[in-house]
Amino acid sequence: MKNNTMLKGATAIVLGGALLLGGGGTLAWWNAADSAAAGTISAGELNVKAGAGVWKDRSGSTVNLSTYKVVPGDKLTYTQDLDVTLTGDKMAANLVAVNADAGAGFTPENVVITAPTLTVRGVAIENPLTTSQHVTASISFEFKSTTTGTADVNATKNLGTVGFTLQQVTQTGLQ
């Protein structure tokens, strides 16, 4: 009988352990999952489209670069209408002149080229631009002789390559 009691006790212990260990999730960690639609993101746009540009002298007369002969003291201004497209919640860009530099017979000492002056309907604006708009950009080329005599005679500078470009920048105050 003693063996029978021991057998019953051992069986009860084994059966109790099996119930505790195989109890179907009584010791499992809880977890749950769900998802949400993140949506679609769209990129903005940065673009500049140039209209026909024109060169003028100090008096406002149109200049044909192929026939005009610059002399010390001359100041030519290039004006170009530009359609600037800036689309983006935090889009900003600087409009800069390209290929407007001294060289090809002129030196930095005798040529002054201004940064672009930007206007919208005749009102001056500054870089950076933050909205799409029609902009009139102009730069000036001023010839100043730094020598006496005729050392600068027959010097050349190809001004026909002057252009404008937009360079994206971080918009101040926005992150």
Within the 4.5 Å heavy-atom criterion, are T136 and T79 side-chain neighbours or not?
yes
Between T85 and S132, does the side chain to side chain donor-acceptor pair (under 3.5 Å) criterion hold? Intermediate values first, please.
CA-CA 4 Å; T85 303; S132 295; 4.8 Å; no
Checking D74 now: which residues fulfil side chain to side chain contact (heavy atoms under 4.5 Å, CB included) with it, not counting sequence neighbours?
Y68, V70, V71
Does V96 share a hydrophobic cluster with V48, counting links as ILVMFWY side-chain heavy atoms below 4.5 Å and allowing steps through other members?
no
Output for pair (W55 CH2, S140 OG), nearest 0.5 Å, gives 8.0 Å
Going by side-chain hydrogen bond (donor to acceptor under 3.5 Å, both in side chains), name the pairs with one or both residues in residues 32-54, residues two or more places apart or in two chains.
none
Q133: side chain to side chain contact (heavy atoms under 4.5 Å, CB included) partners, not counting sequence neighbours:
V120, I125, L129, T131, V135
Not counting sequence neighbours, which residues clear side chain to side chain contact (heavy atoms under 4.5 Å, CB included) with A137? List them please.
L82, L95, L118, F164
Shared ILVMFWY cluster between V54 and I139, side chains joined below 4.5 angstrom?
no
Y78 backbone acceptor or donor facing S138 side chain under 3.5 Å
no
From the options T87, L166, V84, select the one residue that forms a side-chain contact (heavy atoms from CB on, under 4.5 Å) with L46.
L166
Go through the structure and list residues passing side-chain hydrogen bond (donor to acceptor under 3.5 Å, both in side chains) with N31, not counting sequence neighbours.
none
The criterion is side-chain hydrogen bond (donor to acceptor under 3.5 Å, both in side chains); which residues satisfy it with N94, sequence neighbours excluded?
none
Results of side-chain hydrogen bond (donor to acceptor under 3.5 Å, both in side chains) for T165 - residues two or more places apart only
none
Tell me, which pairs form a salt bridge (charged side-chain N to carboxylate O under 4.0 Å, His left out) where one or both residues lie in residues 55-64, sequence neighbours left out?
R58-E142
